[in-house]
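Written below as structure tokens is the structure these notes are about.
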Amino acid sequence: MLAQVLVSSVTAGAVYALIALGFVLIHKGTGVVHFGYGDQVTFGAYLVLIAQMAVTGLPFWPAVFIALVVSALLGALIYGGFMWPLRNASLLAKIIASLALGTVLREFVRAFMGPNAWPFPFLLSQTAVPVGGVLVVPANLAIVGVSLGILAILFLLFEKTLFGKAIMAACDNRIGASLIGVRVSHVFLLIWVVASVLATVAGVLVAPLLTLSPDMGLIGIKGFTAAVLGGFNSLPGAVLGGILLGILEALVGTYISSALKDMISYGILIAVILIRPQGLLGGLLVKKV
Amino acid sequence: MTEALLRIENVSVRFGGLVALDSVTLEVAPGSIQAVIGPNGAGKSTLLNVITGLYTASGGSILFRGERIDGRTPHAITRRGIARTFQNTELFGEMTALENVMISLDRFYAYGGVTAAWQGRHYRQIETSARDEARELLALVGLAGDENEAAATLPFGKQRRLEIARALATRPGLLLLDEPAAGLRAAEIDALNRILLDLRAQRQISILVIDHVMPLVMAISDRIAVLNFGRKIAEGTPDAVRRSPDVIAAYLGEKAAHAVGS
């Protein structure tokens, strides 16, 4: 029973990890918590449906590809249209812009796609297959596989290449980075594009698990909690936070009450902020004078 | 006369009504160590910031190797061959000393994503040569034993020298140093002097250093320019500048200048 719960919970955890990673990337790059990120996740899933409506008879996979390309462009637009002009604005102005952005995306899909839920296909079959006494659903396995694959690629990029380290350096210290020849504006553009594509991947993975409606963006709070749990400035922390949150939710849902399942993420959020504000893997921030 | 490596011509910088630099003209000859001194608020840091593109000049022009660089962005100026340090250092605090230097070398050791993902022989060769060059630079500034320390945990004097190594990793023709001796003890200043003289001798790097600590600039500079209230009030060899009444007045007040002059 416990093994079954753990196996199932990893699915949700992997998606939380992806969303948390997006939060952390954007936060590292811009210093902003992007409160509209959950809505970007929803919007990404809708992009697949919109592509299929625009081109009648378009199969699922090409539609996903188009959605990924469009969301990359959306990321570039967000940076070029909002965040670059606001680069010297106050933190509050940036946060309001990110909130507004989420609201625009959410109300756009409500206005054009209606307030009701849409069916969304799974990547693989939903028929459970017994593996070593535990039931494994191929659809869920695909979610975990895609998430882990993306996490591995990002890990290689940021931890193993000088280019990735230069990106992290630019996030850490813009002046220092520009004076060793790093084009900081390009780095931030790249971060917005990658984070926006990540949001769409998460949206496509999570839409069949939840119901795809304009308010699916509330999933953002789960990713946010996972990021806080992991330390908010640590990429491995975000992944660990996501998986942990998924497992905790499943344990509470199974052994205590499924009604309490969603409450757990808010509870964790409050507990982490009170007890360990730097998160599990976050280093203490060294404030320069 | 040979062409100047850096030529600053009538450069002014204004912030609203405040004139931080007032029509300053200055040259750095190839292979020379040029100093700019002056009391606090004289415009020394503004001068470095306008050369490196952090500030925009309100007037005048800046030429590096005969090419206009004023109005360009900081990374573009760095890529043309001007590197700098900061008085309060702008290191990547959470990274090790070695990583700080290696990141600056990134441009010269490019490899594709596939190479990095494969982690094969080619990748290791590139990483190894980048690491070797970074270690050589750390050794040059006397930090050979500190390569795995996080930059933020190094003592301040070593952070300064690490920033010099990181600046050198951009393979500059001109190195700008922002008050490198401030807060250092006499022995540390001597060590810094030796490093800077070695740099010029071994790597043909010209240096523009701003400071108000006299022992450093007097000992190593070929020429010294003096700024006061944003204007250049004197320029010459260290000896000539030391004796200039204008300079003494700027540093010690008018009375002292009269006392010395009489």
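Predicted, not measured: the structure shown is a model, and the values here were computed from it. Quick note on labels: first sequence line is chain A, next is B, and so on, each numbered from 1.
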- Roughly how far, to the nearest 0.5 Å, is the OG1 atom of T170(B) from the CG atom of L179(A)? 9.0 Å
- Message: Just to verify, what does R174(A) make a side-chain contact (heavy atoms from CB on, under 4.5 Å) with, not counting sequence neighbours?
- Response: V184(A), F188(A)
- Considering the options E94(B), E99(B), E127(B), which one meets the salt bridge (Lys or Arg N to Asp or Glu O under 4.0 Å) requirement together with K165(A)? E99(B)
- Item | L54(B), part contacting chain A, at a heavy-atom distance under 4.5 Å | side chain
- Should the heavy atoms of other residues, nucleotides or ligands under 6.0 Å from CZ of F156(B) be counted, would the total exceed 12? yes
- Where does M102(B) contact chain A at under 4.5 Å (heavy atoms): side chain, backbone, both or neither? both
- Spacing of I103(B) atom CD1 and M168(A) atom CE [to the nearest 0.5 Å]: 10.0 Å
- Query: Is it the side chain or the backbone of A130(B) that comes within 4.5 Å of chain A heavy atoms, both, or neither?
  - Reply: side chain
- Who among S185(A), A166(A), G164(A) has the most heavy-atom pairs with chain B under 4.5 Å? A166(A)
- Heavy-atom side-chain proximity of I180(A) to F92(B) below 4.5 angstrom: yes
- Message: Would you compute the distance between atom CD1 of I126(B) and atom OG1 of T161(A) and round it to the nearest 0.5 angstrom?
- Response: 11.5 Å
- Task: Examine whether an atom of A177(A) lies under 4.5 Å from a heavy atom of chain B, and if so say whether it belongs to the side chain, the backbone or both; otherwise answer neither.
- Result: both
- Query: Is L91(B) close to N173(A) at the side-chain level, that is, under 4.5 Å between some pair of heavy atoms?
  - Reply: no
